[in-house]
Amino acid sequence: MYNHRELEQKWRTKWKDGFVSYRPESTNSTTKYILVEFPFPSGAGLHVGHTKSYMALDIRARKYRMSGEDVLYPMGWDAFGLPTENYAITHGIHPRVATEDNIKTFKNQIDALGISFDWSKEINTTDPAYYKWTQWIFMQMFKHGLAYQDTTQVWWCEELKTVLANEEVIDGISERGGHPCERKSLRQWMLAITQYAERLHHDLDQVDYLDIIKRQQRNWIGLSTGARIRFALDETSSLEIYTTRPDTLYGVTFMVLAPEHPLVDVLTTDEYRESIQQYQEQVSQKTDLDRQQEKEKTGVFTGGYVKHPLTGKDIPVWIADYVLMGYGTGAIMAVPAHDERDKAFAERYGLDIQPVITEEGELINSGEFDGMQSEAAKQAIIQVISDKKLGQEEQQSKLRDWVFSRQRYWGEPFPIVWVSSEAYQQMQEQNSDRLAPFEVSRERDGLTEYAVTVAESELPIELPEVESYLPQGLGEGPLALATDWVNVWYHLNTGKTVAGNVECPGEGWVKALRETDTMPNWAGSSWYFLRYIDPTNTEAVASPEQIHKWLPVDIYNGGMEHTTLHLLYSRFWYKFLYDIGIVPTSEPYQKRISHGMILAEGGVKMSKSKGNTINPLEMCEAFGADALRCYIMFMGPYDEAIAWDTHGLVGCNRFLTKVYHWGETIIAQPEQSNIDTEALHRDTHGLIKKISEDIEAQKLNTCVSSFMEYINIWGGQLIGKSTFETFLTLLAPFAPHLTEELWERLGHATSIHTSSHWPEWDETALVSTEEDFQVHVNGKMRAMITLSVDTSEEAILAQALEAAEKYLEGNLLKKQKVIRQKGIVILVV
RNA sequence: GCUAGAGUGGCGGAAUUGGUAGACGCGCCGGACUUAAAAUCCGUUGGUAAUAAUAUACCGUGAGGGUUCAAGUCCCUCCUCUAGCACCA
């Protein structure tokens, strides 16, 4: 073993003292923006899973730098969020203090891995200088009508007097304290991501994401084309449904409404009123997730009927919780013959099942449409429906608007104040630019208040200090307790605020209340990659020149679990910023890749409770950061989940030890005694090609095995110094410390990592003067012959026949063929 | 249930996209060094049969069928596992 501890420590110190710089140089024209998802700095410290993606993208970043490109590879902290706040609640430590400690730990750990992050670009979402711009972007969305308020169901714990997140409630019991929880309606800020659904769907065509990621996003957005159809209730009113299968319209045997549907009351007859109310009550205590997970479909008849738009038949109306208010119109036409869920429901409650399409896709029992193919029938029925003004074609999305507020402390405050209706009216008359295009209002103490933004110059609205991170209010966050912060004087003309605990400052100032909700932790991460570009800018999100230089991100790595939330949210915010002219492209990330999990030994998930976690720092200490880097890359395909095996890490340490000793031997020998053969030349250029292409293709496991193969053949031999340097250069992104050491001892004064000398391969070097031919007889490889490249086909064939003579047994050849570029001779008898 | 992906030695995995299956690493076994152990180095290592022989033959990539001179790779049927979504009309 070589002394990795001393060697790596030496270079960590030298690098930190300025021997290398990972800051992009502004002179270069070709750029690469490489991005890994930034971590939430938890108290548990860096997880080995984090290191995989940092290392893999570090290899890319280093390779690009060595190829002379201008590389941006930054890191920061996604530090708002629930765990820190809960830690604050239980330990009484300010979240800011806990966050700072955790960041320090993370940073030390990352530095020990030899990752070439440009720390001059470091950002922290909880830094007011950062969240100033999170608030600024929200402010623009508010002004453009993308932010509004709506009522949603949340978990409420009476004992804790607080709103809880879904993940904090297990089987209706709070995770902290074990108290019972209930569902409760609450007004929340919402962001209208659904307005971008179509673009989020279609623009995936423009980008290079892993197929599985695109598919998953499309599935989540769930764009579908169908029809909105009205079923008459009486002469004046009707029930609207949305269906993707208008071709099955004649198969409708009942209707199902979501229990919360506004027409339920109207349709319910006295006879059924009690059971309907009972059912509604039951359902209101369930989350959407619960409702969707139930195996048994339940529902209740309302007693009411609607008229079929084409046949005029009376159709009974039911309510059931498998129909959700949030999708479509909150009501469906049930076609039990052709829909599994409707079928299960019909069978349970003994409802009619009427088939209208044959296995061949031909319509039956459908009046004038009988005999049509279902695709054609879809169009025909939509046509008839819209001619009769009973409905129209419509596109729908499964996507729901984004619930954007939290009744929590550790998040970004909103740049919003609530003013009286008189004040609001005045602002409207003045055409103030601090209003939303529509009214956003709330009732408070019998009065209506309106949401308006503060002036841009007021940003950031900083989090106030509070006594308790656990609120004692009724659905309000801990910020509501900071009454001096909440009560302000607001200037109608300028949007400025001053503390409210003084006398009225004068003309134009009105009393106002700050919004006390905070933003979810998805907010800060929805645009952070923009801030890395220009993290200290006080005038804008980032300077337009820098934005143009770096965006879009060339490659973005993150976990599969972020595909439907973070990745979609950030694309949405970016598209909005594109629409208001801040960014130059409509998509933020050119390429998206995903790393597979590192599982514990035995192939199960690592978890603290099971005690099977791997601490990356301990591994560095024992085997070296270089060995750890090589091993994690070597484990297997980048995007697959693979079990940890410390023995494998030992093997990589052995490999690097061989490299080290080989280097020492070469350094010690006079140059003239070194060998330089054609085979060495060919293998070296083969390696350059292999490593260059495999890094590009994210096949880092085979890179490492190629290095091992090369050293198995040439290791220990006195190869030419420049050839050895080529090998070191290729290995440098994988093992930055060891290669730097040998590079220095080979007589270089500058770092191996900042020199623009990534080697190029010579195709002609890869071609040999001799060629191998496999001789296949009846599809089986029977002999191998080596011939000079200028051998004619006839001669090859003759040689092959001779070599494989005993397998031919004198039989007549049915087929003979030479496939030159594959090096195969085919003989069939 | 839907969608996608994957099944290769004792283990992690490789295979230029139809052309020597098992690269590379781990582990195991044997050997060297050592008083001994660890570390290190060298060698063997899919299975069966056979041999003085690392001569040779056959079988082998979840199961079964098919296409082809030739299938881990392509097609059909089935099984198992993993991931994401989960009653989305």
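Note on naming: letters A, B, ... go to the chains in the order of the sequence lines (proteins, then strands), and numbering restarts at 1 for each one.
Residues of residues 689-706 of chain A that place a heavy atom closer than 4.0 Å to RNA chain B, in numerical order, are A:Lys699, A:Asn701, A:Thr702, A:Ser705.
By the 4.0 Å N-to-carboxylate-O rule, A:Arg5 lies close enough to A:Glu621 to be salt-bridged with it. Under the 4.0 Å criterion applied to side-chain N and carboxylate O atoms, A:Lys699 and A:Glu693 are not assigned as salt-bridge partners.
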Problem - Criterion side chain to side chain donor-acceptor pair (under 3.5 Å) on A:Asp342 and A:Tyr322, from CA distance to verdict - result: CA-CA 10 Å; A:Asp342 297 347; A:Tyr322 78 90; 2.9 Å; yes
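Paired regions of RNA chain B, where each region holds three or more successive Watson-Crick or G-U pairs whose two hydrogen-bonding distances fall under 3.5 Å, are B:1-7 with B:79-85, B:10-12 with B:24-26, B:29-32 with B:40-43, B:46-49 with B:56-59, B:62-66 with B:74-78.
Taking side-chain N and O atoms only, A:Arg782 has no distance below 4.0 Å to OP1 or OP2 of B:A70. Side-chain nitrogen and oxygen atoms of A:Arg654 include at least one within less than 4.0 Å of the OP1 or OP2 phosphate oxygen of B:U40.
Within the 4.0 angstrom heavy-atom criterion, base atoms lie near A:Gln774. A:Gly222 comes within contact range of no nucleotide atom at all, as no heavy-atom separation falls under 4.0 Å. Within 4.0 Å (heavy atoms only), A:Ile642 reaches sugar-phosphate atoms of the nucleic acid but no base atom. Residue A:His647 is in sugar-phosphate contact alone, with no base atom involved, counting any heavy-atom pair closer than 4.0 Å across all strands shown.
Proximity of the aromatic rings of A:Phe634 and A:Phe655 is defined here by a centroid distance below 6.0 angstrom, and this criterion is not met.
Other residues, nucleotides and ligands place no more than 12 heavy atoms under 6.0 Å from the NZ atom of A:Lys343.
Because its NZ or CZ atom is both nearer than 6.0 Å to the ring centre of A:Tyr556 and within 45° of the ring axis, A:Arg592 counts as a cation-pi partner of that residue.
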